[in-house]
Amino acid sequence: MQTTPERGINTGVFWPAIAIAGGFVTWGVLAPDSLAAIATATLNWIIRVFGWSFVISTAFFLAFALFLAFSRFGRIKLGHDDEKPEFSTRSWVCMMFSVGMGIGLMFWGVAEPISHFGTPPHGLAEPQTRDAALVAMQYAYFHWALHPWAIYAMAGLAMAYFSYRRDLPTLVSSAFHPLLGDRVHGPIGRTIDVLAIIATLFGTATSLGLGAQQINSGMNYLWGTGESATIALTIIAVLSVLFILSAVSGVGKGIQFLSNMNMVIAVLLLVFLALLGPTVFILDTLIESLGYYFGDLVSMSFRTSAFSDSKWLASWTIFYWAWWISWAPFVGVFIARISRGRTIREFVVGVLMIPSAVTFVWFTVMGGSALFSELGGPGGLIEAITRQGAPVSLFALLEQYPLAGLTSVVAMFLVAIFFVSGADAASVVMGMLSSHGTTHPRAGIVVLWGLLAGASASVLLVMGGLDGLQTASIIVAAPFLVVMVGLCGSLWKGLLDDIEVHGHFEEIDPHTGGLKDRPR
């Protein structure tokens, strides 16, 4: 029987994490140039020496997740055998998607395909051609569909398995019990949880910074308010208050309501663009781009800087893999929290396939509409990104449709709610990780982590805008990548132990052709 975790702070985790986060914010306020210089040097070293490790590890996470789902381990339940899922499948998917990628999809849905169209990855096509458009869609799918969700799936699966089947506290360190034994309760385990908190903090800060930039761009595009660090910082401050209020209301009241509402509005925006835009071109793009994506998936998954454009790889693929890894403890803990009672197969298929399918549609509608405009329509999107930056791309596209003012306001509202729901969940998770794994951390601790996330986002924006956000993601993800690989090894050992304890394997029944259990 699982013992109820303490609600008070774990001083061995909380204070070191606070010291690191507080030290970063203080450094950024007092000496931003020094912080930027050291962060840039560290980033360059990580990419030069360890860039390959992000590539190979992410490909491994995807292969391992699929193997577990479709092997005999897929029938193991994330919880006790008689448990049922707490949330409906619809709410489960909405919460996963909204928390896992919301702001990023709004920010990059138009910006990434158009950026690749103007500068094709690794020189694979001539810029601004139909071949470039196809490559652009392939890489948008590559960066946002199966691979990132495989990272989330492995983190969430490990934590759900050990928390709800082994009755251990909901902590990243708990998932290392098969490898470390009771040492997970000592300095090694506390170090793992501190790394998880710091990764969560800066992964969240990156998303908050992107959201603030996009809202600022939308306001300027519509009302000429101007774009400045002061306005972006004000946006972060206002929305931070909102997500902290949402966080202390709990998962059921806060995140579930916001996620469901956001998905409905996002779907309406997609339908609007698909029906009033180049509908046939969008459908053709979806089919053809998916074919090329799956056809080239292996080669894209293993492309490093040895024979490719190392600068492009660092700015896009490695940044994305690092960003997802930095979000892995937060999203992992969160989807573990909402997935209790589901089987491993159901979990992996749900986490990998359903959000990826939505991602394919999202980028096809957003990116396809933008590419159609560039290939034979009004165009001007590449010029807008070049002149005003990636955050303005969505609003530049919406301006080419009817009701541009209304849809732009809706888009800003979506970004704001994704901001609130994502940071809401992150604050709760950081509170859990620093409070012995309790699913209901004290409100004061949640508020404190929310404030630090907003402050960190502010420092990163002042430090270097988008470049500063990307730098922080990669730096904090590097040590947590080691933790992620360890999670996979520990989960594998735990699943083998589960088979030993339950004493059965699956085999083919010669009479029915189906699976049956064979006692060992």
Practice task
State which residue, out of Phe319, Tyr293, Trp324, Tyr320, fulfils the ring pair (Phe, Tyr, Trp, His ring centres under 6.0 Å) condition with His143.
Solution key: Tyr320
Problem - Centroid separation Phe54 to Trp323 less than 6.0 Å - result: no
Handout entry: With Glu86 via salt bridge (Lys or Arg N to Asp or Glu O under 4.0 Å) - residues at least two apart
Key = Arg337
Fill in the blank from the handout: Between the CG atom in Leu157 and the CD1 atom in Ile344, the distance rounded to the nearest 0.5 Å is 5.0 Å
Handout entry: Centroid-centroid distance, Phe24 to Trp27, less than 6.0 Å
Key = no
Handout entry: Intermediate values then yes/no, side-chain contact (heavy atoms from CB on, under 4.5 Å), Leu222 and Ser408
Key = CA-CA 8 Å; Leu222 288 173; Ser408 295; 3.6 Å; yes
Practice task
Please check if the distance between the ring centroids of Phe363 and Trp108 is under 6.0 Å.
Solution key: no
Side-chain donor-acceptor contacts of residues 294-307 below 3.5 Å, not counting sequence neighbours, with atom names and distances?
unit_1 : atom_1 : unit_2 : atom_2 : d
Asp296 : OD2    : Gln138 : NE2    : 2.9
Ser299 : OG     : Asp296 : O      : 3.0
Ser301 : OG     : His147 : NE2    : 2.9
Ser301 : OG     : Leu297 : O      : 2.6
Arg303 : NH1    : Tyr139 : OH     : 2.4
Thr304 : OG1    : Ala306 : N      : 3.4

Exercise for the section: Show the numbers, then the answer: is there a side-chain contact (heavy atoms from CB on, under 4.5 Å) between Trp449 and Val429? Expected result: CA-CA 9 Å; Trp449 285 120; Val429 167; over 6 Å; no
Problem - Pair Trp316 and His116, ring centroids less than 6.0 Å apart - result: yes
Show me, pair by pair, the donor-acceptor contacts under 3.5 angstrom made by side chains of residues 411-418, not counting sequence neighbours?
none

Practice task
Kindly state whether the ring of Phe360 and the ring of Tyr141 have centres lying under 6.0 angstrom apart.
Solution key: yes
Less than 3.5 Å apart, which donor and acceptor atoms pair up between the side chains of residues 368-380 and the rest of the protein, not counting sequence neighbours?
unit_1 : atom_1 : unit_2 : atom_2 : d
Ser369 : OG     : Val365 : O      : 2.6
Ser369 : OG     : Tyr401 : OH     : 3.4
Ser373 : OG     : Gly379 : N      : 3.0
Ser373 : OG     : Gln400 : OE1    : 2.8
Ser373 : OG     : Gln400 : NE2    : 3.3
Glu374 : OE2    : Gly380 : N      : 3.0
Glu374 : OE2    : Leu381 : N      : 2.7

Exercise for the section: Please report the closest heavy-atom contact between Ile46 and Ile475, naming both atoms and the distance. Expected result: CD1-CA, 3.9 Å
Problem - With sequence neighbours excluded, residues passing salt bridge (Lys or Arg N to Asp or Glu O under 4.0 Å) with Glu346 - result: Arg342
Exercise for the section: Could you list the residues that satisfy ring pair (Phe, Tyr, Trp, His ring centres under 6.0 Å) with Phe50, not counting sequence neighbours? Expected result: Trp45
Practice task
May I ask you to decide if Val351's main-chain N or O and Trp149's side chain share a donor-acceptor pair within less than 3.5 Å?
Solution key: no
Practice task
Report yes or no: does Asn44 contribute a side-chain atom to a donor-acceptor pair with the main-chain N or O of Thr40 at less than 3.5 Å?
Solution key: yes
Exercise for the section: Start with the C-alpha gap between Tyr221 and Gln388, add the side-chain angles, then the distance that decides, and say whether side chain to side chain donor-acceptor pair (under 3.5 Å) holds. Expected result: CA-CA 10 Å; Tyr221 206 80; Gln388 297 176 264; 5.5 Å; no
